[in-house]
Amino acid sequence: MIFIITILLLAGDFYYLKNIAGRRLVGLRWWNEVDPNSGDSHWVFESSEPGTKIINATDSRFFWLAIYAQPLLWVVLAIVALFSLKFIWLPLVAIALVLTITNSLAFSRCDKFSQASNIAGTAFSSGNIAGNIASNMVGRFFSR
C-alpha cells in the first residue's frame, strides 16, 4: 500500500511541479511534443515575458533548491535501501529518480533557454546594441 501511495504522490508532484509550481514560482514551463508525421519527440520550453511577471527571489531560491535536492534525497534513500538489504524499495526509488531527474533537467534547460531568449530579445528590442552592431558592420563595408 505504501508503494502505491508513494507512486501516486510522485505522479502528483511531477504534474504539479511541471505545470503549476514552475510557472508560478519561476515563470517556466516545459512539455514534450511528438510530431505525428515522423514520430520524433522534442521538448518545448516556455517562459514568461521578462516584464510581465515579477519573480520573488525567495520563491525562486526555494524552487531551485527543492528541484535539485529531490534527486539527491532519492539517491540517499537508494543507498539506505541497498545497505539495509531492502531491495524491494529499489523500483520505487528508480521511478522517483526518473521523475525528479526529468524535472530537474527540463527546468534547467528551460531556464537556460529563457536566459538566452531574454538576452537576445533585449539586444534586438533595445535598438542600441543591435543598431550599433548593424551600423558598424555596414559602415565597415562601405568605408573601404
Side-chain angles (χ1 to χ4, degrees), residues 1-138 140-141:
M1 191 66 171
I2 293 172
F3 187 89
I4 294 169
I5 291 171
T6 306
I7 292 292
L8 291 174
L9 289 173
L10 281 169
D13 175 62
F14 181 80
Y15 176 82
Y16 178 77
L17 188 63
K18 183 174 99 53
N19 293 313
I20 299 167
R23 192 167 12 122
R24 287 188 177 174
L25 296 177
V26 290
L28 301 173
R29 200 174 87 165
W30 66 271
W31 63 91
N32 191 359
E33 287 184 352
V34 177
D35 185 15
N37 297 329
S38 66
D40 294 334
S41 69
H42 63 281
W43 289 19
V44 179
F45 303 114
E46 180 181 88
S47 63
S48 61
E49 293 296 323
T52 60
K53 180 167 177 57
I54 297 172
I55 297 171
N56 186 344
T58 304
D59 290 343
S60 178
R61 277 193 299 271
F62 179 76
F63 176 83
W64 291 111
L65 176 69
I67 205 155
Y68 291 124
Q70 280 183 350
L72 295 176
L73 175 68
W74 285 107
V75 167
V76 168
L77 290 174
I79 293 169
V80 168
L82 284 173
F83 284 127
S84 63
L85 302 175
K86 305 234 175 170
F87 301 116
I88 193 140
W89 295 109
L90 290 179
L92 176 69
V93 172
I95 292 168
L97 279 171
V98 167
L99 292 174
T100 56
I101 289 172
T102 300
N103 256 340
S104 299
L105 289 175
F107 275 112
S108 295
R109 289 181 183 173
C110 190
D111 186 44
K112 288 178 185 175
F113 172 77
S114 170
Q115 290 174 0
S117 65
N118 287 344
I119 290 170
T122 303
F124 288 117
S125 68
S126 67
N128 293 337
I129 297 172
N132 287 339
I133 292 172
S135 65
N136 287 339
M137 289 176 63
V138 171
R140 285 184 190 162
F141 286 126

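Here the structure is a predicted model, which is why all the values come from computation and not from measurement.
Atom OH of Y68 has more than 12 heavy atoms from other residues, nucleotides or ligands within 6.0 Å. Atom CG of L85 has more than 12 neighbouring heavy atoms from other residues, nucleotides or ligands inside a 6.0 Å radius. Other residues, nucleotides and ligands place more than 12 heavy atoms under 6.0 Å from the CZ atom of F87. Heavy atoms from other residues, nucleotides or ligands lying under 6.0 Å from OH of Y15 number 12 at most. Heavy atoms from other residues, nucleotides or ligands lying under 6.0 Å from CD1 of I88 number 12 at most.
Closest heavy-atom contact between N19 and R29: O-CD, 4.1 Å. Across every non-hydrogen atom of I55 and S60, the tightest pair is CG2-CB, 4.0 Å. Taking all atoms of both residues into account, the shortest heavy-atom contact from V34 to S41 is CG2-CB, 4.0 Å.
Annotation: cation-pi pair R109/W43 present, NZ/CZ under 6.0 Å from the ring centroid and within 45° of its normal.
By the ring-ring contact (aromatic ring centres under 6.0 Å, His included) test, F63 is found to be paired with F107, residues two or more places apart in sequence or in another chain being considered. In terms of the side-chain hydrogen bond (donor to acceptor under 3.5 Å, both in side chains) criterion, W89 has no residue partners (sequence neighbours excluded). Not counting sequence neighbours, W31 has no partner by the ring-ring contact (aromatic ring centres under 6.0 Å, His included) test.
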Tell me, with the steps shown, if W30 and T102 meet side-chain contact (heavy atoms from CB on, under 4.5 Å).
CA-CA 11 Å; W30 66 271; T102 300; 3.8 Å; yes
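Between I67 and the options T100, L17, L105, a side-chain contact (heavy atoms from CB on, under 4.5 Å) holds for only L17.
I95 places a side-chain heavy atom less than 4.5 Å from the side chain of I7. Between W74 and L77 the shortest side-chain heavy-atom distance falls below 4.5 Å. The shortest side-chain heavy-atom distance between L92 and L10 falls under the 4.5 Å cut-off. Proximity of N103 to F14: side-chain heavy atoms (C-beta onward) are separated by under 4.5 Å at one or more points.
To the nearest 0.5 angstrom, K18 atom NZ is 8.5 Å from N32 atom CG. Taking OG from S84 and CD1 from I79, the interatomic distance works out to 11.5 Å, rounded to the nearest 0.5 Å. Atom-to-atom distance recorded for D40:CG and E33:CD is 12.5 Å, nearest 0.5 angstrom.
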